[in-house]
Amino acid sequence: MPILDIDALRTFVSVVDQGSFAAAAGRVYRTQAAVTQRIQRLEANIGRPLLRKVGRAKRLTDDGVTLLDYARRILALHDEACASLVGTKVTGEIRLGAPDDASETILPGMLRRFATMFPEVRVVIHIARSAFLMQSLKQGEIDMAISTRDDPSHPRLRLRTAPTFWLSAAEFKLVRNEPVPLVMHDEPSLFRSIALDALEKAHIPMRLTHISGSLSGIRAAVRAGLGITARSIETLEPTFRVLGTADGLPPLPDVSLYLYLATLNAHPTARQLFDSLRDSFGEPD
DNA sequence: TGATGCCTTTCAGATGATAC
DNA sequence: GTATCATCTGAAAGGCATCA
C-alpha cells in the first residue's frame with residue numbers, strides 16, 4: 001500500500017488550485033522542475049496518473065479527483081494538528097462576513113476549522129452580498145470577509161476557484177430563438193455581470209424576468225421554472241439541472257473565492273487568525 | 001505561417017540524510 | 001568515512017498558445 005507524503009499532497013493540491021505547475025512552485029517554495037518531479041513521484045507511488053494534459057493545461061483524472069478530496073482533508077487535519085501542538089492561544093471576537101452561497105458551503109467548514117484551531121475565539125457572522133461585504137470591510141465594519149470580488153488592495157488568500165454553471169429547474173425548457181429568461185441578483189453582482197457578458201458576447205438575446213436581492217429569492221424563482229441563473233455548483237439543488245452548450249448557452253468563466261482581511265480597524269485576533277490561515281493555505285495572491 | 005513567449009519535462013550535477 | 005538514495009536546482013529542449 002502506498003504511503004502518501006504530506007509535501008507531495010500539498011504540491012498536488014497547489015497544482016490543482018493554481019492551475020499550473022509554475023504557479024504551484026511559488027506556493028510550495030520549490031522550483032518548477034521540483035514540482036514536476038513531486039507529482040511524478042506521487043503518481044508513481046500511487047501507480048495511477050492524477051493529471052492529464054489537455055493542450056497546455058492540466059485536468060484531473062478520476063483518480064486525481066478522488067485523491068484531491070482526500071488530500072484536502074488530510075492537509076486540513078495535518079495543519080490543525082500542527083496548530084494545536086504549537087499551541088498559540090488566540091482569544092477575542094472577530095466579525096466575519098460571508099455571502100449567501102458561501103454560508104451554505106465553504107463557511108461551515110471554515111467555522112469548524114476556526115473552532116478547532118482557535119476554540120476561544122468568538123465569531124460574529126454577517127451574511128451579505130460580496131460587493132456590500134467589501135464595502136463593510138473597507139469601512140472597518142467587519143474584520144474579515146469571504147468574497148468573490150477581486151480586490152488586491154486588501155490582504156487576502158484564495159480559498160478556491162470553482163466553475164460557474166447555468167442552472168434551471170429540472171423541468172425547465174429553453175425555447176430556441178426566444179430571449180433567455182434570466183433570474184439574477186440586482187446590481188452589483190459578479191454572477192449577473194458574468195452571465196450578461198457571456199450572453200452578449202455570444203449574441204444571445206435575453207431578458208431579466210426576476211431580480212432578487214437575496215439568494216433565496218433567486219432560488220425560489222428558478223425553482224418555480226421562471227428562468228435560469230448563473231451560479232457556482234453549490235447552488236445546485238436536487239430539483240435543479242445544469243445547462244450548457246448543448247442547450248445553446250455559452251460557457252461561463254471560473255470564479256475565485258477569497259478570504260480578505262480588513263486594512264482598517266482589523267481586530268488583532270483577526271490578524272492572528274488570518275496569518276495562521278495564510279500559513280496553512282500558502283501565500284496570499 | 002512564422003516568431004515569440006510561456007510552461008512543462010528531462011537531464012546532469014549538487015546536497016543532505018541514512019545505513020553500513 | 002564512504003556508499004547509497006532521495007530530492008533539489010539550473011539549464012536545455014520541446015510543446016502549445018497567441019499574435020502580427
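Note on naming: letters A, B, ... go to the chains in the order of the sequence lines (proteins, then strands), and numbering restarts at 1 for each one.
Under 4.0 angstrom from either OP1 or OP2 of C/dC5 there lies no side-chain N or O belonging to A/Arg41. A sub-4.0 Å separation between OP1 or OP2 of C/dA6 and a side-chain N or O of A/Arg38 is absent.
Here the P atom of nucleotide B/dT10 and the CD1 atom of A/Ile39 are 14 Å apart, to the nearest Å. Atom C1' of nucleotide C/dC8 and atom CD of A/Gln40 are separated by 14 Å, given to the nearest angstrom. Taking atom CZ of residue A/Phe21 and atom P of nucleotide C/dC16, one finds them 15 Å apart after rounding to whole Å.
Tested against A/Tyr260 for a side chain to side chain contact (heavy atoms under 4.5 Å, CB included), the candidates A/Leu157, A/Leu133, A/Leu137, A/Ile146 yield a single pass: A/Leu137.
Side-chain atoms of A/Ser136 never come within 3.5 Å of backbone atoms of A/Ile142 as a donor-acceptor pair (strictly under, hydrogens ignored). Under a 3.5 Å cut-off, the side chain of A/Thr61 and the backbone N or O of A/Leu50 do form a donor-acceptor pair.
Counting distance only, with no hydrogens placed and no angle test, the side-chain atoms of A/Gln37 and the base atoms of C/dT9 include a donor-acceptor pair under 3.5 Å.
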